[in-house]
There are 2 protein chains.
Amino acid sequence: MSPLTAKAIQSQKTVARILTATAHLFVNHGYHGTSIAAITKAIGLTKGALYAHFSSKEDLLLALIKQFEMEFLDQLIAEVEDVKGNALDKLHHYFNFAANFAEKNRELCLLATIISAEFSGAGHDRFDSEFRRIYFKYARFLRRIVEEGKLQGLIDPALDTHTAAYTIIAFHDGVLLQWQRSRDVLEGPVFVKTFRQLLFHGLGMKNGAQDA
Amino acid sequence: MSPLTAKAIQSQKTVARILTATAHLFVNHGYHGTSIAAITKAIGLTKGALYAHFSSKEDLLLALIKQFEMEFLDQLIAEVEDVKGNALDKLHHYFNFAANFAEKNRELCLLATIISAEFSGAGHDRFDSEFRRIYFKYARFLRRIVEEGKLQGLIDPALDTHTAAYTIIAFHDGVLLQWQRSRDVLEGPVFVKTFRQLLFHGLGMKNGAQDA
DNA sequence: TATTACATGCTGATCGTTTAGGATCTTTTT
DNA sequence: AAAAAGATCCTAAACGATCAGCATGTAATA
């Protein structure tokens, strides 16, 4: 498939370096807050080199979104759907995967969350449709699990499946964002554990919480 | 206190118009994605006029953060701490207040969430310390409620109070963000209701959910 | 020799910010 | 009460810096 010439290998490596640096800058300074000059400076290349590999700044973000989709979302879905067990087992596996990925690849993991917030009402056709697609796929995946959990009597059937799926995503995104914001006042493992407990059991006592 | 001359009244109105337009643009396009020209164009004024009221773009954001703090956070804390009732009553009042505020003033409500994400790793001293202050005050408020709920036997004492407070904020921020992103595929009331149920009772059946 | 990876150096546009001055309202002086 | 002086809100035009992007050249590989 790919010619393994020395040039081609170097090209691949350069592309990877560009994407890593760009993800880092996009996540920490935003899309508009990151200049092409800042990216090239971060990896010790010139603009000419960057534009030999990517046709535009837009193209850079689209490549990162694709990377997020393939390395995080698609991988997540594939792994979780292979889990032998009930819906709650799958959700646990979901959080395990997400926590592991976030630890090793925090910036890519945060990319969709942060950048989609920046463009939330921008009317940028290309980005909008990509983010929409991603979150739709994400929600469909969770919808299936929630539906399954309801059938297994593990998830409250009073919950609207569609909305619950989006709310789980929202919780996850919120936790990621808070982790990025307040890493210095939070302990990772405790945070993950708290997140888990709140999502599965809520605030109340585990053995039959009373309502207000 | 304030002289109610015609000029002063006009000035106040202009400042308010600038802040409203700026909040709208910041939330939808990000801080760096919003130009001074875009702001002035949105309200039909010139740059000179804007710089007569605000000394810099930075100053604009700081003013909006202050506005968020006073109109949302301080108001929220004052109202909820006046509630006669247990911790869960207070949390319900918290969500009622937040939902009402978000409905009437969505953009100001989203400001802290979105812009703090954009600057999450920027090392911008002024903004960082402001956001840190805001979220600390927010968390302290929720910590008190969680602590109270534990003493009242309404909230699981196994939860770490500090972390639970930050997680509640994270959930709320995540839901706000998702609401901004996917308003077209979500129904407001159902979303709020689902958020409430998940936070209070989790995914499981209300009458004693089983663990995995 | 042909192709590929990158450097150099530049483009017009746009960025945040400043300046000079006009128009209108307020205060002071006559 | 009328006019002069001052304060205030705003416009128009421009500033230097930086933006994304591109044309052209060079050096190394194939």
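This structure is a prediction, so every number in the text was calculated from the model and none was measured.
- Nearest to the side chain of A/Ile36, among C/dT18, D/dA20, C/dC15, sits D/dA20.
- Among the nucleotides D/dC19, D/dC9, C/dA7, the one closest to any side-chain atom of A/Ala37 is D/dC19.
- B/Gln12 has its CD atom 14 Å from the P atom of D/dT8, to the nearest Å.
- Classification of the B/Phe127-B/Phe119 ring pair by plane angle, with boundaries at 30° and 60°, yields perpendicular.
- Distance NZ (A/Lys41) to C1' (C/dA7): 18 Å, rounded to an integer number of Å.
- Residue contacts shown for A/Leu45 are limited to sugar-phosphate atoms, with no base heavy atom under 4.0 Å away.
- When rounded to the nearest whole Å, the span between NZ of B/Lys57 and P of C/dT17 equals 8 Å.
- For B/Gln10 and C/dT24, the shortest distance from a side-chain N or O to OP1 or OP2 is not below 4.0 Å.
- With salt bridges taken as basic N to acidic carboxylate O contacts below 4.0 Å, none links A/Asp160 and B/Lys193.
- Nucleic acid contact class of A/Thr46 (heavy atoms, under 4.0 Å, all strands): base.
- The CD1-C1' distance, from A/Ile9 to D/dA30, rounds to 13 Å in whole Å.
- More than 12 heavy atoms of other residues, nucleotides or ligands shown are found within 6.0 angstrom of CD on B/Glu71.
- At whole-Å resolution of the value, CG in A/Asp59 and C1' in D/dG21 are 13 Å apart.
- Judged by atom type and distance alone, A/Lys47 reaches the base of D/dA20 through a side-chain donor-acceptor pair under 3.5 Å.
- Across all strands shown, B/Thr40 has no heavy atoms under 4.0 Å from either base or sugar-phosphate atoms.
- Going from atom CG of B/Leu25 over to atom P of C/dC15 covers 12 Å, rounded to whole Å.
- Residue A/Thr14 places none of its side-chain N or O atoms closer than 4.0 Å to OP1 or OP2 of C/dA5.
- The separation between A/Phe54 atom CZ and D/dA20 atom P is 15 Å, rounded to whole Å.
- OP1 or OP2 of D/dG21 has at least one side-chain nitrogen or oxygen of A/Tyr51 nearer than 4.0 Å.
- Contact annotation for B/Gly33: no contact, since no heavy-atom pair falls under 4.0 Å across all strands.
- The A/Ser35 side chain lies nearest to D/dC19 when the options are D/dC19, C/dT17, D/dT11.
- Counting heavy atoms from C-beta outward, A/Thr163 and B/Glu187 have side chains that stay 4.5 Å or more apart.
- Note: CD (A/Glu58) to P (D/dC19) measures 18 Å, nearest angstrom.
- Contact check, A/His32 against C/dC15: no side-chain N or O comes under 4.0 Å of OP1 or OP2.
- The residues A/Arg133 and A/Glu130 are annotated as salt-bridged, a charged nitrogen and a carboxylate oxygen being separated by less than 4.0 angstrom.
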